[in-house]
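The structure appears below as structure tokens.
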Number of protein chains: 2
Amino acid sequence: MQNLPCPQTGADVSDYRIYTGNCIDILPDLPEKSAGLIFADPPYNLQLKQELYRPNQTRVDGVDDTWDQFASFESYDEFTRQWLNACRRVLADDGTIWVIGSYHNIFRVGKIMMDLGFWILNDVQWHKSNPMPNFRGVRFTNATETLIWAKKSENQKKYTFNHQVMKQFNDGKQMTSVWQIPLCTGKERIKDENGKKAHSTQKPEALLQRVILSSSNEGDLVLDPFLGSGTTCAVARKLNRRSIGIEQDPRYVEMAEHRLNGYLGSEQ
Amino acid sequence: MQNLPCPQTGADVSDYRIYTGNCIDILPDLPEKSAGLIFADPPYNLQLKQELYRPNQTRVDGVDDTWDQFASFESYDEFTRQWLNACRRVLADDGTIWVIGSYHNIFRVGKIMMDLGFWILNDVQWHKSNPMPNFRGVRFTNATETLIWAKKSENQKKYTFNHQVMKQFNDGKQMTSVWQIPLCTGKERIKDENGKKAHSTQKPEALLQRVILSSSNEGDLVLDPFLGSGTTCAVARKLNRRSIGIEQDPRYVEMAEHRLNGYLGSEQ
DNA sequence: TATAAAGGTGAATCCGCAC
DNA sequence: AGTGCGGATTCACCTTTAT
């Protein structure tokens with residue numbers, strides 16, 4: 001990261017770097033207090049209750065029918081503690097972190113963030129304008145995902161919030177914690193060679209645009225420990241922020257690299 | 001509770017009873033598996049540290065009640081585990097529970113609910129149409145509170161969800177998990193003899209109306225372990241549900257009783 | 001009476017720097 | 001660490017008072 005182009009050096013302000021591997025393994029190799037903004041979209045495969053995962057997401061064999069619900073929650077919590085702690089070390093003392101999740105995982109994540117010393121600034125609701133209905137009519141249409149925005153500690157004095165910039169998303173009035181944004185569909189949604197969605201949870205660029213514009217400035221370094229399809233780096237690049245993405249699955253890394261090269265190509 | 005009028009007996013379907021005391025002490029004396037619906041509005045543990053003034057120098061009357069103060073996260077968690085466990089015992093096997101909170105407490109509450117075996121059905125967002133702005137412009141306007149709707153266990157087969165009834169709140173289409181409802185203000189807000197709000201966190205009846213209509217039927221027993229100003233019993237009564245409220249503060253109990261007697265009087 | 005203007009208020013984790 | 005001060009900071013309602 002210390003080799004990443006930086007505005008002070010005159011290099012490209014919007015350069016990026018993608019690491020392949022588990023963020024719990026890679027984050028300790030990055031210099032501490034170097035990221036101004038972190039956006040994290042962690043996995044929440046809690047429904048796989050019969051399977052127990054180690055904190056690094058490798059599966060533990062041979063325990064399919066012996067582990068109860070608590071064991072599954074506990075392993076997810078330990079995984080969450082580890083990656084959040086690794087992120088906290090890399091986060092600058094005047095930086096902030098965003099974590100997105102659904103009701104399956106966000107309560108556990110939020111509780112652990114508080115326990116680790118993060119201080120919540122807002123819980124932002126991504127209000128999906130076109131959510132998938134509950135087909136059986138046995139629950140309410142699940143129309144939101146929650147983003148927790150937090151600073152590094154309670155006594156942290158400085159952090160970036162571009163209040164005036166965010167007003168443009170609310171008719172010139174103070175922006176609220178409810179963001180109405182459509183799902184990532186259509187041309188923006190990346191498809192594989194079979195025309196199927198290439199990543200199951202690709203986030204809309206409009207969401208990352210608001211995250212990055214609100215809580216970072218040009219030239220700042222944005223970090224995404226679960227890069228996935230690469231939306232964070234792609235939007236950071238468009239908004240002249242440097243970025244680092246970490247992604248475990250080599251197929252997603254390839255996808256993100258291709259996507260970022262594509263943006264490069266279309267802009268030249 | 002076994003003496004409460006019941007539709008099967010031909011008695012008043014919308015009778016209510018209010019207990020004075022701490023719900024952790026009182027709930028164990030109620031028969032188990034007897035409540036069809038629980039609505040809980042526990043203390044949020046806001047941890048307000050200083051006075052806040054509007055730009056015109058007027059002071060914001062924040063929540064500084066002693067009942068909202070906890071010494072630590074751990075003591076709040078322990079309190080939460082105790083009242084939730086007591087509620088779970090009283091909840092019928094085909095019943096559901098709602099818990100409302102803000103980002104200050106809802107993550108801890110949700111995590112504990114999952115640990116205790118509750119199975120989340122929805123996280124409903126109360127989207128306030130008239131929230132208090134962030135006067136200093138240092139965060140987003142905090143425009144929501146979260147309601148967790150959960151059944152008693154993962155394998156619970158039966159619970160009440162009045163899908164068709166809820167469609168009326170969304171132009172005949174499937175109701176979503178975002179509920180736009182104004183704050184409780186104006187004539188609905190109960191004032192004391194000095195004209196000040198009599199309870200710092202009175203909930204709007206429209207909110208309870210949706211909760212009760214969606215997940216209970218006429219004659220069902222609704223339980224509120226933190227009754228406060230009595231909104232839950234008042235709305236339950238209007239919707240022909242039996243109800244039990246538990247409230248620690250005798251002044252709030254008196255307030256709720258007066259409110260419910262008032263409704264009785266105006267309806268006769 | 002009707003309309004307009006003025007005032008009040010809401011579950012809020014709400015400033016930053018110099019001395 | 002405590003104090004003082006300059007400066008930037010608000011939205012949708014409802015109620016009361018004035019015209």
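So you know, we letter chains A, B, ... as the sequences are listed, proteins then strands, and number each from 1.
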| query | Which residue, B:I106, B:L207, B:T146, forms the side chain to side chain contact (heavy atoms under 4.5 Å, CB included) with B:I100? | reply | B:L207
| said: Does this structure show an ion pair linking B:R251 with B:D249, if we count only N-O contacts that are shorter than 4.0 Å? | reply: yes
| query | Which part of the nucleic acid, if any, lies within contact of B:P42, taking any heavy atom under 4.0 Å across all strands shown: a base, the sugar-phosphate backbone alone, or nothing? | reply | base
| OP1 or OP2 of D:dT10 sitting under 4.0 Å from any side-chain N/O of A:K167? | yes
| task | Under 4.0 Å between any heavy atoms, over every strand shown, what does A:K151 touch: base, sugar-phosphate, or nothing? Just pick one. | result | nothing
| Can you list the residues that meet the ring-ring contact (aromatic ring centres under 6.0 Å, His included) rule with B:F169, with sequence neighbours excluded? | none
| field | Atom pair distance, as rounded to whole Å: CH2 in A:W119 and C1' in C:dC14 | value | 13 Å
| Taking only side-chain nitrogens and oxygens of A:H163, does any of them come within less than 4.0 Å of OP1 or OP2 of C:dC14? | no
| query | Contact class for A:T176 vs. all strands (heavy atom < 4.0 Å): base, sugar-phosphate, or nothing? | reply | nothing
| field | Length of the CD-P vector between A:Q156 and C:dC14, whole Å | value | 13 Å
| task | For A:N122, report the nucleic acid contact type (base, sugar-phosphate, nothing); a contact means any heavy atom under 4.0 Å. | result | nothing
| Paired nucleotide for D:dG7 [Watson-Crick or G-U wobble; both distances under 3.5 Å] | none
| query | Just checking, B:R108 and B:F73: is the charged tip under 6.0 Å from the six-membered ring centre and within 45° of the axis? | reply | yes
| Which residue, B:R136 or B:M132, contacts DNA chain D at a nucleotide closer to its 5' end, judged by nearest heavy atom? | B:R136
| query | Looking at the side chain of B:K197, which of C:dA12, C:dC14, C:dG10 is the nearest nucleotide? | reply | C:dG10
| task | Among C:dA12, C:dC14, D:dT15, find the nucleotide with the atom closest to the side chain of B:K187. | result | D:dT15
| note | From the candidates C:dA11, C:dC14, D:dC11, the one with an atom nearest any side-chain atom of A:Q174 is D:dC11
| query | Which base, if any, makes a Watson-Crick or G-U wobble pair with D:dT15, both distances under 3.5 Å? | reply | C:dA6
| task | Check the angle between the aromatic planes of A:F226 and A:W83 and answer parallel, tilted or perpendicular using the 30° and 60° thresholds. | result | perpendicular
| query | Checking all strands, does A:E154 fall into the base, sugar-phosphate, or nothing category for heavy-atom contacts under 4.0 angstrom? | reply | nothing
| message | Can you tell me how the ring of A:W149 sits relative to the ring of A:W98, calling it parallel under 30°, perpendicular over 60° and tilted otherwise? | response | parallel
| said: Rounded to whole Å, how long is the line connecting atom CE of A:M166 with atom P of D:dT9? | reply: 16 Å
| What's the closest nucleotide to the B:S129 side chain, out of D:dC13, C:dG10, C:dA11? | D:dC13
| With distance as the sole criterion, do the side chain of B:K203 and the base of C:dA11 form a donor-acceptor contact below 3.5 Å? | yes
| said: Over all strands shown, is B:S200 touching base, sugar-phosphate only, or nothing at heavy-atom distances under 4.0 angstrom? | reply: sugar-phosphate
| request: Would you mind classifying the nucleic acid contact of B:P131 as base, sugar-phosphate or nothing, using non-hydrogen atoms under 4.0 angstrom? | output: base
| query | Can you tell me if the side-chain N/O atoms of A:K158 get under 4.0 Å from OP1 or OP2 in C:dC15? | reply | no
| request: May I have the distance from B:H199 (atom NE2) to C:dG10 (atom P), rounded to whole angstrom? | output: 13 Å
| request: With the side chain of B:N142 defined as its heavy atoms from C-beta on, choose the nearest nucleotide among D:dT10, C:dA11, C:dA12. | output: C:dA12
| task | For D:dT10 and C:dG7, measure between their C1' atoms and round to the nearest Å. | result | 15 Å
| said: Looking at A:E154 and B:K49, is there a salt bridge between them, counting it only when a charged N and a carboxylate O are closer than 4.0 Å? | reply: yes
| Counting only non-hydrogen atoms, which of residues 43-67 of chain B are less than 4.0 Å from DNA chain D? | B:P55
| Is the phosphate of C:dA11, meaning OP1 or OP2, less than 4.0 Å from a side-chain N or O of B:Q202? | no
| query | For the pair made of NZ in A:K157 and C1' in C:dG16, what is the distance, rounded to whole Å? | reply | 9 Å
| message | Any heavy-atom pair between the side chains of B:L239 and B:L208 that's under 4.5 Å? | response | no
| message | Please report the distance, rounded to the nearest Å, between OH in A:Y159 and P in C:dC15. | response | 8 Å
| message | For the backbone of A:P31 and the side chain of A:R89, can you confirm whether one donor and one acceptor N or O come within less than 3.5 Å of each other? | response | no
| Within this structure, what is the CG-to-P distance between A:D123 and C:dA11, rounded to whole angstrom? | 15 Å
| message | Roughly how many Å apart are C:dA18 and C:dC14, using the P atom of each and rounding to a whole number? | response | 22 Å
| task | Name the nucleic acid region contacted by A:I120, choosing base, sugar-phosphate or nothing; use a 4.0 angstrom heavy-atom cut-off, strictly under. | result | base
| remark: Rounded to whole Å, NZ of A:K173 lies from C1' of D:dT9 at a distance of 17 Å
| Parallel, tilted or perpendicular: rings of B:H199 and B:Y252 (30°, 60°) | tilted
| said: Between A:F118 and B:T185, which residue's closest nucleotide on DNA chain C lies nearer the 5′ terminus? | reply: B:T185
